[in-house]
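This report refers to the structure that appears directly beneath it.
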Amino acid sequence: MMDCTDRHYRFFARLLTRHTLLYTEMVTTPAILRGNRERYLGFDLREKPLALQLGGDDPAALAECAHIAEDMGYDEINLNVGCPSDRVQGGNFGVCLMKQPERVAECVAAMRSRVELPVTVKHRIGVDDLDRYEDMARFVEIVRRSGSDRFSVHARKAWLKGLSPKENRTVPPLRYDDVYRLKQAFPELRIELNGGVLTLDATEEHLRRVDGVMIGRAAYDNPYLLAGADRRLFGDDATAPTRHQVVKQMMPYLEAFLAEGYKGHHVTRHLLGLFTGLPGARAYRRQLSVEGPRATDARVLLDALQHVPDESPVETAG
Ligand SMILES: Cc1cc2nc3c(=O)[nH]c(=O)nc-3n(C[C@H](O)[C@H](O)[C@H](O)COP(=O)(O)O)c2cc1C
């Protein structure tokens with residue numbers, strides 16, 4: 001998610017869950033091919049497993065970027081066919097590409113010809129008037145012929161005109177049944193559901209009907225949700241860390257980041273939601289928002305922790 005799942009968030013999220021697949025923000029092909037590669041693609045190996053999400057519509061450029069990403073150690077390449085922002089529409093990629101399934105197939109085929117990694121597609125259930133279940137099924141049918149066998153489906157359509165990107169994540173209704181139906185129609189494909197999933201209970205419900213669940217906003221706004229994932233969804237019995245333990249584990253990371261001359265806020269902003277719903281959460285959040293940007297060392301985290309009681313590790317978070 002743009003401006004959310006940067007490398008600092010991912011490092012933090014990985015302390016909460018070892019097994020959940022994490023995604024980068026969308027990175028466009030020109031940014032990679034002409035921009036500062038370390039800035040756009042750099043990551044810490046401890047973030048793995050990690051999927052790079054690419055934005056673009058040029059098969060050759062996408063293939064080159066996928067190749068670079070494979071060399072750098074990413075675990076998956078995901079093509080964005082879901083974003084409706086004006087900038088993305090101007091570049092003819094994101095959700096506009098749902099209107100050009102052959103083009104998406106070409107992009108996927110080009111990437112697959114250059115890398116061994118899985119190449120997956122994130123799309124919506126529809127766009128503008130192309131919003132019947134049959135339209136989405138046709139899109140998937142055409143794209144899968146190019147060899148992609150995993151599709152993450154945001155269970156709402158997008159309107160290219162008239163709705164902002166934010167409204168396109170709230171206004172069109174969620175149509176989970178269309179995603180379930182897609183799984184039934186393509187049992188050999190891995191179909192993942194996305195959109196409006198707020199808890200691990202809901203995740204487990206969906207997992208009866210689809211192969212995977214992608215959680216966006218809830219994993220960012222209430223990141224401790226992820227702490228229950230390993231045990232409940234991946235069968236890992238290791239005890240999840242407490243919120244306090246996680247904050248303390250972030251201290252050396254923040255310290256190293258500050259030592260390189262960066263502003264602490266780039267790291268601390270991702271921790272603001274960690275105590276969501278608990279007593280003291282607001283004071284913790286306020287302290288970290290005010291002190292994070294002017295932090296000179298990692299004690300800023302310990303100071304914020306004073307506002308929130310320590311608790312026992314999660315058993316069934318979410
Ligand atoms: C701030 C923000 C940035 C996002 N950036 C991306 C992005 O870069 N790529 C993408 O595929 N989806 C992006 N999304 C959409 C989410 O991945 C997801 O599809 C959508 O929010 C619905 O899932 P959720 O209800 O679990 O959040 C973004 C969403 C938000 C709120």
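In each ligand, atom 1 is the first atom listed, and ligand 1 is the first ligand listed.
No continuous path of ILVMFWY side-chain contacts below 4.5 Å connects L21 to V179, so the two sit in separate hydrophobic clusters.
Under the rule for a salt bridge (charged side-chain N to carboxylate O under 4.0 Å, His left out), the partners of D211 that lie at least two apart in sequence or sit in another chain are K183.
Between Y74 and F43, the ring center distance clears the sub-6.0 Å criterion.
Figure legend: cation-pi geometry between R181 and Y133, with NZ or CZ positioned under 6.0 Å from the six-membered ring centre and within 45° of its axis.
When heavy-atom distances to ligand 1 are checked against 4.0 Å, the residues falling inside are M1, M2, C4, M26, Q53, N80, K122, H154, R169, N194, G195, G196, I215, G216, R217, ordered by chain and number.
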Would you tabulate the side-chain donor-acceptor contacts of residues 301-308 under 3.5 Å, counting partners in other chains and residues two or more places apart, or write 'none'?
{"unit_1": "H307", "atom_1": "NE2", "unit_2": "Q287", "atom_2": "OE1", "d": "2.7"}

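Residue pairs that meet the ring pair (Phe, Tyr, Trp, His ring centres under 6.0 Å) test with at least one member in residues 264-304, sequence neighbours left out, are Y9-H270, Y220-H270, H244-F275, F275-Y284.
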